[in-house]
K.L.:
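Have a look at the structure that comes next, please.
Just the heavy atoms: all of them, side chains too, but no hydrogens, waters or symmetry mates, feed the values below. Residue numbers begin at 1 in each chain, while the letters A, B, ... track the order of the sequences.
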Amino acid sequence: HAQDIEPGGSVVVVSTQAPRHLNPAVQSGIATAVPGTQIFASLLKYDENWQPQPYLAESWDVAEDGLSVTITLVEGATFHDGEPITSEDVRFSIMTVRDNHPFQTMFEPVSDVETPDERTAVIKLSKPHPALLLAMSGALLPIIPEHVYGDGQDVQVHPANSAPVGSGPFRLVEFDPGRQITLERYEDFFIEGRPYLDRIVIRIVSDPSSMVLALEAGEADILPFLTASQDIRRLESGEGLAVTNRGYEGIGAINWLAFNTNKAPLDDIRVRQAIAYAIDRDFIVNALHRGVSAPQRGPIVESNPLFNENVEAYDLDLEKATALLDEAGHAPDANGTRFTLTVDYLPGTGEQQQNIAEYLRSQLPKIGIAVEVRASPDFPTWSQRISSFDFDLTMDMVFNWGDPVIGVHRTYLSSNIREGVIWSNTQQYSNDRVDELLEEAAVENDPERRKALYDEFQTIVTDELPVYNINLIPYHTAYDERLGNMPEGIWGLMQSMDEVYWIEQP
Amino acid sequence: MSASTKPLLEVRDLAVRFELPKAGLFAPKRHFHAVRGVSFAVPQGRTLGIVGESGSGKTTTAMAAIRLRPADGGQVLLDGRDILKLTQDELRRARRDFQIVFQDPYSSLNPRERVGSIVREPLDLMKVGEPGEERNERVRELFSLVGLRDDQIALFPHQFSGGQRQRVSIARALATNPRLVVCDEPVSALDVAIQAQILNLLRRLQDELGLSYLFISHDLGVVQFICDEIAVMYLGRIVEYAPRADLFRTPRHPYTASLLAAAPSLSRRKSAGYRRVSAVRGDPPSPFNIPPGCAFASRCPNAQTRCREEEPVLRQFGEGRVACHFPLD
Amino acid sequence: MSEPLLKVDDLRVEFDTRHGRVTALDGVSFDLMPAETLGIVGESGCGKSITALSLMGLIPSPPGHVTGGRIEFEGNDIAAMTKRRQRQMRGHDIAMIFQEPMTSLNPVFTIGDQIAEAILLHQDVSRGEARNRSIELLKTVGMPEAERRARAFPHELSGGMRQRVMIAMAISCRPRILIADEPTTALDVTVQAQIFELMRGIQEEFGVAIMLITHDMGAIAEMADRVAVMYAGRIIEEGDADEILDNPLHPYTRGLIGCIPLLGKEARDDGRPPKLAEIPGVVPPLHLLGQGCSFADRCPLVHDRCHREKPLLTGSTHCVACHATQMEAA
Amino acid sequence: MSVQETRRAIKPVSPLREAAQMFCRNRPAIFGTVLLSLIVAAVFYGTFISGADPYEIVWAPQAFPGEAENIPLGTDYMGRDILTGLLKGGGPTIAVGLSAALITVVIGISVGAMAGYFGGWADNALMRFTEFFQVLPALLFAMVLVTLFSPTLTTIAIAIGIVSWPQTARLTRAEFLRIRNLEYVTAARAVGAGNNRIIWRVILPNALPPLIVSATLTIGVAILFEAGLSFLGLGDPNTMSWGLMIGANRSYLLDAWWPVTFPGLAIFLTVLAVSLIGDGLNDAFNPKLRQR
Amino acid sequence: MVYLLRRLAFGVLLLAGVVILNFLLIRLAPGDPAAVIAGEMGGASQEVLASIRERYGLDKPLLVQLGIYLSNVVRGDLGESYFFNRPVIDLILSRLGPTILLVMAAQLLAIVLGVFMGVLASLKPQGFLSGFVAVISTVGYAAPVFWTGMMLTILFASIFPILPVEGMSSARFRGGTFDYILNVARHLILPATTLGIIFLAQYARLARAAMIDVLGADYVRTARAKGVPESRVVFKHALRNAVLPILTVAGLQFGNLISGALLVETVFNWPGMGRLAFDSILRRDYPVLLGVLFFSAMMVVLANILTDLSYRLADPRINTEGRS
Ligand SMILES: Nc1ncnc2c1ncn2[C@@H]1O[C@H](COP(=O)(O)OP(=O)(O)OP(=O)(O)O)[C@@H](O)[C@H]1O
Ligand SMILES: Nc1ncnc2c1ncn2[C@@H]1O[C@H](COP(=O)(O)OP(=O)(O)OP(=O)(O)O)[C@@H](O)[C@H]1O
Ligand SMILES: [Mg+2]
Ligand SMILES: [Mg+2]
């Protein structure tokens, strides 16, 4: 149907997230990923069925023993400065990401990348690494030019991070930090005839209502990463607009309540379970989030094939909760209060975090736990508190990033209890069996066996509850109906928009 | 009326200067000498008048003389004691001997205080008499002395007319039985009818209490009415200093003469074809840069070269003293 | 006797105050002859300035209201004139100088401009011409270095000079009448004398009629041909200057003259001048004025009738409004 | 020898009573007073009598005002009752306003009085110091303070106080400069009063009227400030306040106007009442108007 | 001239003070900038933290850091943003324009309209208009500015969607300079009005009071006595003088304007310094925050100097040195 597509036109994307710079190789997060995946191409794409698809890599081949992967690059691919993209650049990119990206598990097993010829790269692994292919897609492995970033400067603060020479379908025209990013079609993109759009403008808007208004007024065309239920509901009924939650499976953003398992009384599993039983997940999902978000029962996103259906769901049961607390020896005082806990939350995402924290304040007293909400004015304050283990309960939002190895292990491995590092095992949960299971799963190439390992892991951690999973962050994209081929893979807009086109230009 | 010759207050060589705003960031400090070496004496029970145009330094002189403003030189002897050398504490105690009445009856009374407590304040501060009834009694006594009624004690200043306020001021000044009262133009803000009431009152009080006045005015009529001796100031200096009768009969300084010529009188009638021929021209020079020589030279009808070069000193001439190279006779 | 230049008849001005409506001028009548000087004296608040302002049509409204009376200029009723003509009259036919030379000039314009503005308003001349004339005028009023001073701002001048500027402005259009509201009270005596001299000179040169408002009896003696004495919003005595000064009829006028410590009053035995005459009490506030004579409370000659009935101004050349005096005369 | 008085003597009225009379004749000021009384009564009821919890979820989120019987002003994004929020949130809001104004007044008057009274280098130094605080935009500076020292009601009140005192200091200084040269101050010195007495007993009472007016207006400013900080998300989340209600509901503005509008109105009416009273006091104390 | 130099010199001292005060304040407050930077990168280990500290000089003693910072500031280098890894000065300069545009537009609107209303009201102090101005000025002052902005947003987004409520220009916009100006102007209407209303209220009230005062002054009476037509009395003689207190206040308002702009920029997503400041506070991007504080203080200082100068132009009384 490519013949029917009339290329051209520009698209305005609005977002509240301001990227620090545009190089996803050294920066995780949505903000950098959206423009980053337009500017840089990855080796693979992932389709909505979690299957790898060719992109910069024409083909790939995983060795029997799982200890090497051979990549063949497409022909004629060039960077935006016209230099050809070679296997050297692939090697450089993988090494840069391995050494600099915060998700260390992605390429940690990579021992070397061999480059027998310009278009062939052989990735050598020290141990089998089933997560590798996923880690080569989306924003996780941008192919960056060695001749730019390999000049010896610290790549973390490389000037080219803000003025990148990319490999993807769009090239940077202007990066106005905190305000706007303007991208333009790269004429020599390695896929013939693509991209269809001439121009992408990513505008950073501080106020969510403004974004909604802009979309309604036709001033903007795409509003990704929308989570506020009222905005979703409003835009769903908006004329000429489409709203979808597809394309976010890979991120797998889980909204959860984390326990400081090292601190009394939360070091008692029964107390954690009691709290879980006292929380009404249905109320949160259906009333607070008006049904836009999906319940999440375990540590692996429910849409991921690895999810274990049979984990304990902790449906609301106040009697059981009180019984557990009684059993744990926390008798209520004259006011009916057993003990007081503080709950922190990640600032800035009200409906997902603060509202639930506040809900806890009104809910947990029902089982005799007084709750004090402790606000952090900004992210750094919160991250400081949590990563130094200065908390009782905290709401948190952690991403699966496709493969458990990348996004799940970090929360549960006892080896990842790292003071000062946020989104490590800040719950300080430690279970030898869990450590064992995760280590095995990380190197297990057989899908069946891998699933079994993860099933057991999921059962254990939902029983022992270092975190109580609440819901999947209801990421939605609202866009102009007249846009065709909106990315539907697991990475949503953190994926190249080279196929997006205007069915009918506005 | 006792007319002792021993002075109650003697001021010697008093000097006051004010700092002027600097011209530039690094410009030197500039000063403006408002009072330049002024000496005079107020005898016990008598009145010394100081007259002069506005800005000539009358108020500054008086204020410095009772240390309400720092002096930059000179001596002020009250009964032989130098007021300028007293410590703050001594000064506070000494203040009961000298008090002041201000020009503006509207701004000299604290509007937030009842007049009774205004008059009582000096008694409290200087611990005169027993607190309580004795002081209240004294306040009532003072009220009747200055011609106010008892029932007005509890009123606020704004409920009085200008003349009545001036009476309150006088009562306050008299509260501690001072020996010297400085009157800084006490009647110039008042209507003529009221002015007469206050002048008569001041004279009566002097007779009854044996007060000494240092009386400042720019109105020669008033000065003539109340003063025994008169000092005429011009730009920070005394230019003539003489007993009343002599000054009015035979002014020695041309400036004094022109003041007298300008003073109001009912006898100079238009109907009688009176035409004023004032010899003095123009305004006083700016006090900020007084020319060398005699300060009055620029306006003086008799000025000679010497006047513009050499500053005359105050010297005995006739009955009084005069600072002029060519005094009139 | 020639026709009066200005004829004021039964002028009445009221003010809205906190105490309700008060009468500031109550039936004021007088004439002003060409080239004569009429002195108006009285204590503060008796209505002198209000009289002057109402002649200029400058009573601040609100709170003031001219509620009665008639003012004729050369036989024409001012109230009947158009607003435009009234405005022309101001400054052109009747000029006024005020008590406070410090505040009466606009601080943000040069004095040359302010004089020139008056000229431009009333005469058909060019700007340059107006400027030249204003310099001329400054010379006329004895301003040293007139050219330079024309470019000065008011704050750069002394009080005496500012009053000269006011006079220059007032005479810029050769007015027929010059109203001087206490022109010298704020000035030093030696400067006062110079201003009086200047006014006298101007009167002789231009033949203007002067209405001199003052509370200074000496100034009256020296300047005025005729005198009107005001008390609490009324004229209580009027007549030739000599008549009033030598033979005051109203007890208030007598008190007023007697209470001034004037030079040349003979001394007592001890060498001091005699005690001053006193008028007891104060001028009553306007809202407390009663039915009768407003001076009754302070009057040594007061009797019953004074509290009941307002005395009328009677007499031909020397008029007085006092029951006691009138009875005596009768 | 007593002077004969005018028979119809002026009735003695103390200046304060006179000001009170002026104030009572000022219709907007009376309106402000009544309004403020009503608000304070409601807030008092909310704080001390009503037992309702403003954080309690009582109904479906964002219920329209009057949708159910017990929620006349609707609910917010969490389903919390807005009326309860208004009643409970007024206390902290007004408390922050009052205490910030108090801090402002205390610092401002002390600094201003010292500078104005002593003059010279003390004045110079103090005024330079004041200017220091004045060149920083107040809200920005307050934001920095609040973020750096964590947002609690106390820090917020202190921060607002710290950023707003310079104006009071300047006003106080100006008044002291003016009054210290008046003759009654010299008179006080002439009868032996010391600096302390002159500053606190003579000058301050006379400088008070404009300061009272300014303090009144400062309460309003402080309330607006608190609201501004809360709006930006720098309020104290554990204490319900009007600003917090606006800030929290802000992102739901398009769907539900009432959770934002009502607290906004509450702030508006309170500040309005306070400034009407301030204006009334100003007129009442203003000697210019009183002369007539 | 000497005066101007002195003012400037003092302004520089003042700014230095502001910089030092804020630097110390920010550094002494709880919170480790290195942890913040690490957090922005997505979490990091102790070693990374140490390298970050070293990279940004955070490992040196505080006073040394201050010294380095000051000497850099003198050279026009405000450091590098922790968050964006870009020179702070670039970030600020790109935001300065919009803020100045907003602030100036609001100020202009407030002054022109406010003074006009105030003058009209002063002519009849008891009249209807006067009452109206009194009401407007208290009402405009009492409403929280962000709330007004939000109400306007509802009004112009939901009810009458005729004006843009977000941004400074359309994201889609591509066109000539003139169209661009129009586009920006349309976007400016709501923010400038919102911000202007508070100040309009104050200027109207001030102008009314000042005019009533001035109209009762002796020199106005003199002008009338000269026969000057009333309109000229009002607009030439009186207004010139009444402008003086307004000027003073206008200068002093500058800081408040910037404060207000902070809120208005947030409501209307105006891409100015206020938002940069707010974002940097939340990100603990201290170099940017310091830079913004420095720049806004500088704007206030400059505004004060300009006000002073214009005051000197408008009021000849201050102009003469060695006053008498
Ligand atoms: N605080 C001050 N600072 C600077 N100069 C001052 C100060 N007080 C007075 N002067 C100046 O000192 C000179 C003398 O002032 P002073 O008040 O003593 O005059 P005066 O003779 O009392 O005048 P007046 O008749 O106007 O009261 C004047 O030129 C005045 O401007
Ligand atoms: N705007 C006003 N509102 C109310 N009353 C006023 C107003 N202007 C003047 N008056 C009253 O009118 C009366 C006469 O005032 P006027 O100014 O004519 O007095 P005056 O004789 O000129 O006094 P002075 O010698 O003090 O200048 C006074 O009692 C005054 O209180
Ligand atoms: Mg004096
Ligand atoms: Mg008058």
K.L.:
Which bit of D:L145 comes within less than 4.5 Å of chain E, counting heavy atoms only: side chain, backbone, both or neither?
P.N.:
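Only the side chain of D:L145 comes within 4.5 Å of chain E.
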
K.L.:
Against chain D, label E:V145 side chain, backbone, both or neither, depending on which of its atoms sit under 4.5 Å from a heavy atom there.
P.N.:
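For E:V145, there is no contact with chain D at all, as no heavy atom is under 4.5 Å.
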
K.L.:
In terms of heavy-atom proximity below 4.5 Å to chain D, should E:Y141 be classed as side chain, backbone, both, or neither?
P.N.:
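For E:Y141, heavy atoms of backbone and side chain both lie under 4.5 Å from chain D.
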
K.L.:
How about E:F10: does its CZ atom have over 12 heavy atoms from other parts shown lying under 6.0 Å from it?
P.N.:
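Counting other residues, nucleotides and ligands, CZ of E:F10 exceeds 12 neighbours.
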
K.L.:
Considering only heavy atoms and a distance below 4.5 Å, find which of E:L15, E:I154, E:T153 pairs most often with chain D.
P.N.:
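Ranked by heavy-atom pairs under 4.5 Å with chain D, first place is E:I154.
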
K.L.:
So which of D:L269, D:L224, D:L234 has the biggest tally of heavy-atom pairs under 4.5 Å with chain E?
P.N.:
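Among the listed options, the one with the most contacts to chain E is D:L224.
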
K.L.:
Rounded to the nearest 0.5 Å, what separates atom CZ in D:F225 from atom OG in E:S259?
P.N.:
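The distance works out to 5.5 Å.
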
K.L.:
Going from CD1 on E:I281 to OG1 on D:T147, what distance comes out if it is rounded to the nearest 0.5 angstrom?
P.N.:
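Spacing of CD1 (E:I281) from OG1 (D:T147) equals 4.5 Å.
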
K.L.:
Which atoms of E:L21 come close to chain D, meaning under 4.5 Å heavy atom to heavy atom: side chain ones, backbone ones, both, or neither?
P.N.:
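The answer is the side chain of E:L21.
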
K.L.:
Rounded to the nearest 0.5 Å, how far apart are CZ of D:F141 and CG of E:L25?
P.N.:
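So the CZ of D:F141 and the CG of E:L25 are separated by 6.0 Å.
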
K.L.:
For the CZ atom of D:F132 and the CD1 atom of E:I20, what is their distance to the nearest 0.5 Å?
P.N.:
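Taking CZ in D:F132 and CD1 in E:I20, the distance rounds to 7.5 Å.
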
K.L.:
Do D:E131 and E:N304 have side chains that get closer than 4.5 Å, going by heavy atoms?
P.N.:
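Counting from C-beta outward, D:E131 and E:N304 never come under 4.5 Å.
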
K.L.:
Got E:V267 and D:F231 here, is their nearest side-chain heavy-atom distance under 4.5 Å?
P.N.:
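When only atoms from C-beta onward are counted, D:F231 and E:V267 do touch, with a gap below 4.5 Å.
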
K.L.:
Between E:V139, E:V301, E:N256, E:T148, which shows the greatest number of heavy-atom pairs under 4.5 Å with chain D?
P.N.:
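With the most close heavy-atom pairs to chain D, the winner is E:V139.
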
K.L.:
What's the spacing between E:I258 CD1 and D:L140 CG if we round to 0.5 Å?
P.N.:
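That separation rounds to 8.5 Å.
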
K.L.:
Would you say E:M150 and D:I246 make side-chain contact, with heavy atoms under 4.5 Å?
P.N.:
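They are in side-chain contact.
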
K.L.:
Looking at every non-hydrogen atom in both residues, tell me the closest pair between D:M143 and E:L262 and how far apart they are.
P.N.:
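So the minimum-distance heavy-atom pair works out to SD-CD2, 3.0 Å.
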
K.L.:
Would you mind checking which part of E:L289 comes under 4.5 Å of any heavy atom in chain D, side chain (CB onward), backbone (N, CA, C, O), both or neither?
P.N.:
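Just the side chain, heavy atoms under 4.5 Å.
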
K.L.:
Taking every heavy-atom pair that is under 4.5 Å apart, which of D:L232, D:L276, D:V271, D:I223 has the most such pairs with chain E?
P.N.:
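Max contact count across the listed options: D:L232.
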
K.L.:
Using a cut-off of under 4.5 Å for heavy-atom pairs, which of D:T270, D:D279, D:I267, D:V221 has the most such pairs with chain E?
P.N.:
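Maximum pair count with chain E is reached by D:D279.
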
K.L.:
So what's closer than 4.5 Å to chain D heavy atoms on E:M151: side chain, backbone, both or neither?
P.N.:
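Just the side chain, heavy atoms under 4.5 Å.
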
K.L.:
Keeping E:S296 on the side-chain end and D:P137 on the backbone end, is there a donor-acceptor pair under 3.5 Å?
P.N.:
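Judged by distance alone, no pair lies under 3.5 Å.
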
K.L.:
Please indicate whether D:Q167 has more than 12 foreign heavy atoms, meaning atoms of other residues, nucleotides or ligands, lying under 6.0 Å from its CD.
P.N.:
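Result for CD/D:Q167: open.
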
